[in-house]
Amino acid sequence: MQLHFHKMHGLGNDFVIVDAREQAVTMAPQLARGIADRHRGVGCDQVIVIGKSDQADVSMRIWNHDGGEVESCGNASRCVVALTGAKTIETPAGIIEGSTAGREFEVSTVEPRFGWADIPIAYPMDTASLPLQWGELKHGFTVNVGNPHIVFFVDDPATIELDHRGPEIENDPVFPERINIHVAVVRENGIHMRSWERGAGLTLACGTGACATAVAAIVTKRVDSPVAVHMPGGSLTIAWEAGQPVRMRGAATHVFEGTLETDALA
C-alpha cells in the first residue's frame with residue numbers, strides 16, 4: 001500500500017503525519033514502528049493520523065516510536081494546526097483548541113489533573129512531592145495534562161543521565177500506564193529542561209512536558225505565568241491559571257511530504 005505523508009517537527013520533536021481524511025488508513029503498532037524506524041522507515045518520534053471528527057474540525061491519534069498509542073502530544077498538535085488550519089482538534093485526551101499567532105502556533109491542552117488516580121499512580125501518595133527516589137532524582141512533581149508526567153527540579157539538567165534514569169522511571173510499576181520524565185531548573189530567562197518521553201526516549205522537545213513542567217513550577221511558586229520553557233530543540237511560551245487549560249505557543253515546521261510503500265517496511 002502506498003501511504004502519503006507529511007514530515008513535520010516542533011522544535012526537533014519530529015512526526016510523520018498521515019491525513020486519513022484523504023485516504024483510508026488502518027494504523028497498528030507494527031506499522032507505526034515501521035514508519036517511525038529511522039533506518040528502514042521514514043523516521044520520527046511519533047506517527048500522527050489526522051481524521052474526521054463529529055466534535056471538532058479534525059481528530060488526531062498518536063503512536064509513539066515503539067508502536068504504543070498515547071493520548072496527547074503538544075508539539076504534534078501545533079503541527080496539525082499548522083498543516084490543516086484546524087481551530088479545534090479531537091484527541092483521546094479531549095478537545096483542544098488551536099490558533100495561529102504570527103509565525104507561531106498556539107494550542108491549549110486539557111486542564112491539569114493532580115490526583116494520584118488521575119496520573120495514574122498505583123496507590124495513594126503526595127503527587128506534588130512523591131516519597132520515592134531513583135538515584136539522584138527525588139521528590140518528583142506529577143501531573144496529567146492529557147498524558148502523565150513527572151518533573152524533577154535539579155541544579156543542572158545537563159548532568160542527569162536521562163538515558164539511564166528515563167527508562168527506569170518510565171517502567172516503574174508505580175506508574176501503571178508508564179510516565180514521561182523531565183528534569184528542569186529555573187533560571188533568569190525561564191525554565192530549562194530535558195525530557196525522556198515514554199515510548200520514544202530522549203527527545204529534543206516535549207510540548208506536553210513543557211506544559212507539565214511549567215505547571216509544576218507555577219504551583220510550587222518558582223515562576224509566574226506566562227513563562228518561557230527552553231529545551232534542546234528550542235523554546236515554547238507556556239501560560240496557565242488554576243482551573244484553566246494550559247496554553248502553549250511555539251513553532252511548527254513542515255519539512256517535506258512524500259509517499260511511503262508500506263510493504264517495504266521491515
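Atom set for the values below is all heavy atoms of this structure, side chains included, hydrogens, waters and symmetry mates excluded.
Heavy atoms from other residues, nucleotides or ligands lying under 6.0 Å from CD of Glu97 number 12 at most. Shown here is Glu261, whose CD atom has more than 12 heavy atoms of other residues, nucleotides or ligands within 6.0 Å. Heavy atoms of other residues, nucleotides or ligands lying less than 6.0 angstrom from CD of Glu241 number 12 at most.
Distance check, rounded to the nearest 0.5 Å: CE of Met248 to OG1 of Thr109 gives 7.0 Å. The distance from the OG1 atom of Thr142 to the CZ atom of Phe175 is 6.5 Å, given to the nearest 0.5 Å. Atom-to-atom distance recorded for Thr203:OG1 and Arg194:CZ is 10.0 Å, nearest 0.5 angstrom. Note that CG of Leu83 and CD1 of Ile17 are 5.5 Å apart. Values are rounded to the nearest 0.5 Å. For the atom pair His182 NE2 and Phe141 CZ, the distance stands at 12.0 Å (nearest 0.5 Å). Distance check, rounded to the nearest 0.5 Å: CD1 of Ile95 to CD1 of Ile89 gives 9.5 Å.
The two atoms that bring Asn75 and Gly207 nearest to each other are ND2-N, 3.1 Å, heavy atoms only. Nearest heavy-atom pair, Met8 versus Ala82, reported as atom, atom and distance to 0.1 Å: CE-CB, 4.2 Å. Residues Ile181 and Gly166 share a closest heavy-atom pair of CD1-O, 3.4 Å. Nearest heavy atoms, Met27 versus Ala32: SD-N, 3.8 Å. Of all heavy-atom pairs spanning Val143 and Pro112, the tightest one is CG2-CB, 3.8 Å. Counting all heavy atoms, side chain and backbone alike, Ala93 lies closest to Ser72 at CB-CB, 4.2 Å.
For the residue pair His4 and Thr259, no side-chain donor N or O sits within less than 3.5 Å of a side-chain acceptor on the partner. Neither side chain, Ser59 nor Glu90, offers a donor N or O lying under 3.5 Å from an acceptor on the other. A donor-acceptor pair shorter than 3.5 Å can be found between the side chains of His149 and Thr208. Side-chain N/O atoms of Asp45 and Asn13 include a donor and acceptor closer than 3.5 Å. Judged by distance alone, the side chains of Ser235 and His230 do bring a donor and an acceptor atom under 3.5 Å apart.
Seen from the ring of Phe153, Arg222 counts as a face-on cation partner, given the 6.0 Å and 45° thresholds.
Contact annotation: the side chain of Arg21 approaches that of Thr84 to within less than 4.5 Å [non-hydrogen atoms, C-beta and beyond]. Side chains of Trp240 and Arg247 form no contact here, defined as non-hydrogen atoms less than 4.5 Å apart. In this structure, the side chains of Glu69 and Val47 stay at 4.5 Å or more apart for every pair of heavy atoms. Between Ile96 and Thr91 there is a side-chain heavy-atom pair separated by less than 4.5 Å. Side-chain atoms of Ile150 and Leu137, non-hydrogen and from C-beta on, never get closer than 4.5 Å to each other. Using a 4.5 Å heavy-atom cutoff, the side chains of Ile48 and Trp63 are not in contact.
With hydrogens and angles disregarded, a donor-acceptor distance shorter than 3.5 Å links the side chain of Gln133 to the backbone of Gly135. In this structure a side-chain-to-backbone donor-acceptor pair under 3.5 Å is present from Thr127 to Phe114. In this structure a side-chain-to-backbone donor-acceptor pair under 3.5 Å is missing from Asp37 to Arg33. The closest donor-acceptor contact from the side chain of Asn144 to the backbone of Ile119 lies under 3.5 Å. With hydrogens and angles disregarded, no donor-acceptor distance shorter than 3.5 Å links the side chain of Asn64 to the backbone of Gly67.
Under the 4.5 Å side-chain heavy-atom criterion for ILVMFWY residues, no single connected hydrophobic cluster contains both Val255 and Phe15.
A side chain to side chain contact (heavy atoms under 4.5 Å, CB included) with Val18 holds for exactly one of Val25, Ile50, Leu260; it is Val25. Of the listed residues (Glu177, Glu197, Arg198), just one forms a side chain to side chain contact (heavy atoms under 4.5 Å, CB included) with Val70, and that residue is Arg198.
By the side-chain contact (heavy atoms from CB on, under 4.5 Å) test, Arg187 pairs with Asp156, Pro157, Val185, Asn189, His192, sequence neighbours left out. With sequence neighbours excluded, the residues satisfying salt bridge (Lys or Arg N to Asp or Glu O under 4.0 Å) with Asp14 are Lys7, Arg38. For Arg178, the salt bridge (Lys or Arg N to Asp or Glu O under 4.0 Å) partners at least two apart in sequence or on another chain are Asp66, Glu170. For Pro92, the side-chain contact (heavy atoms from CB on, under 4.5 Å) partners are Glu71, not counting sequence neighbours. Listed by chain and residue number, Ile121, Tyr123, Leu130, Pro131, Leu132, Val174 satisfy the side-chain contact (heavy atoms from CB on, under 4.5 Å) test with Met125 (two or more places apart in sequence, or in another chain). Taking the side-chain contact (heavy atoms from CB on, under 4.5 Å) definition, one finds that Glu136 meets it with Ile160, Arg165, sequence neighbours left out.
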Stepwise, does the side chain to side chain contact (heavy atoms under 4.5 Å, CB included) test hold for Val80 with Val58? CA-CA 9 Å; Val80 169; Val58 297; 4.1 Å; yes
Between Asp172 and Trp134, is the side chain to side chain donor-acceptor pair (under 3.5 Å) condition met? List the steps. CA-CA 10 Å; Asp172 193 304; Trp134 296 268; 2.9 Å; yes
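Ring geometry for Phe256 against Phe5 counts as perpendicular: the plane angle is over 60°, on a 0 to 90° scale with 30° as the lower cut.
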